[in-house]
Colleague: 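Okay, here's the structure, questions in a sec.
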Protein chains: 2
Amino acid sequence: MAAPRDVVSVPAKFDGVRDLWSPRIVAEFNGLHVKLARGKGEFVWHTHEETDEVFLVHRGSVNIQMRDRPSVKLAAGDLYVVPAGVEHRPVVADECELVLIEPASTLNTGDAATAAGEVWI
Amino acid sequence: MAAPRDVVSVPAKFDGVRDLWSPRIVAEFNGLHVKLARGKGEFVWHTHEETDEVFLVHRGSVNIQMRDRPSVKLAAGDLYVVPAGVEHRPVVADECELVLIEPASTLNTGDAATAAGEVWI
């Protein structure tokens with residue numbers, strides 16, 4: 001685990017993220033976590049009722065499907081904010097590396113029963 | 001100005017950031033702004049008393065000098081959180097592109113009298 005105040009090399013940290021859809025925490029600020037996630041295939045539909053969620057694509061591409069609005073396709077270098085309360089599901093054709101920012105208390109599926117354990121790396 | 005809910009291409013947006021040390025806002029989430037800044041030379045010493053500040057280096061490198069602890073050198077892909085209350089100054093030998101994240105109310109110098117105007121692009 002890195003100390004919260006270390007310099008974080010995002011590309012190097014991604015080398016240690018092997019499991020799919022298992023975000024790893026790399027930094028904390030103002031009660032939010034910066035997380036790195038490797039995605040492939042479809043994640044579950046879920047909603048974060050109380051918080052926006054930031055997606056920044058580090059490598060690859062991802063399609064963010066949303067129940068109440070058109071999907072958005074994100075390529076490397078693209079940033080998108082899924083608004084609080086909007087049910088969404090990331091779908092990844094190949095494999096992608098995602099930087100996520102959300103409150104430290106946020107579970108990746110929005111539900112404690114299904115959320116993957118989130119740990120610091 | 002981009003709508004807050006657009007997809008933001010960070011590399012493309014940087015093409016529109018020409019002025020030095022003049023952060024441009026590209027996204028908002030949970031009351032925070034994601035800003036893009038072009039840096040070269042020395043910025044002023046300043047402190048954000050109430051908020052941590054996230055630096056993510058998009059291109060180039062930057063040295064973050066801090067009054068009460070050793071400097072940190074950040075290269076492209078590096079992320080660092082300057083803790084609230086720590087007086088700091090970015091110093092850039094060549095030119096760099098920085099992604100910054102901080103509360104929407106934060107002024108870049110921490111002081112209204114000297115802060116550059118911050119606008120959406």
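Below, read A as the first sequence line, B as the second, and so on, with proteins coming before strands; counting in each chain starts at 1. Quick note: numbers below take in every heavy atom, side chains included, and nothing from hydrogens, waters or symmetry partners.
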Colleague: Do B/Leu32 and A/Leu32 have side chains that get closer than 4.5 Å, going by heavy atoms?
Modeller: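 Yes - at least one pair of side-chain heavy atoms lies under 4.5 Å apart.
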Colleague: A cation-pi test, strictly: NZ or CZ of B/Arg24 under 6.0 Å from the centre of the six-membered ring of B/Trp120 and no more than 45 degrees from its axis. Yes or no?
Modeller: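 No, cation not above the ring by the 6.0 Å, 45° rule.
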Colleague: Please check: side-chain N/O of B/Trp21 versus main-chain N/O of B/Val44, any donor-acceptor pairing under 3.5 Å?
Modeller: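 Checked: no pair found.
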Colleague: Highest number of heavy-atom pairs under 4.5 Å with chain A: which of B/Val10, B/Val34, B/Val57, B/Leu56?
Modeller: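 Of B/Val10, B/Val34, B/Val57, B/Leu56, B/Val10 has the most heavy-atom pairs under 4.5 Å with chain A.
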Colleague: For A/Leu79, is it the side chain, the backbone, both, or neither that has a heavy atom closer than 4.5 Å to a heavy atom of chain B?
Modeller: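 Contact with chain B is through both the backbone and side chain of A/Leu79.
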Colleague: With chain B, which of A/Ile64, A/Val99, A/Val54 has the greatest number of heavy-atom pairs at distances under 4.5 Å?
Modeller: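 Counting heavy-atom pairs under 4.5 Å, the top option is A/Val54.
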Colleague: On the 0 to 90° scale, with breaks at 30° and 60°, tag the A/Phe55-A/His88 ring pair as parallel, tilted or perpendicular.
Modeller: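 Ring orientation, 0 to 90° scale: perpendicular.
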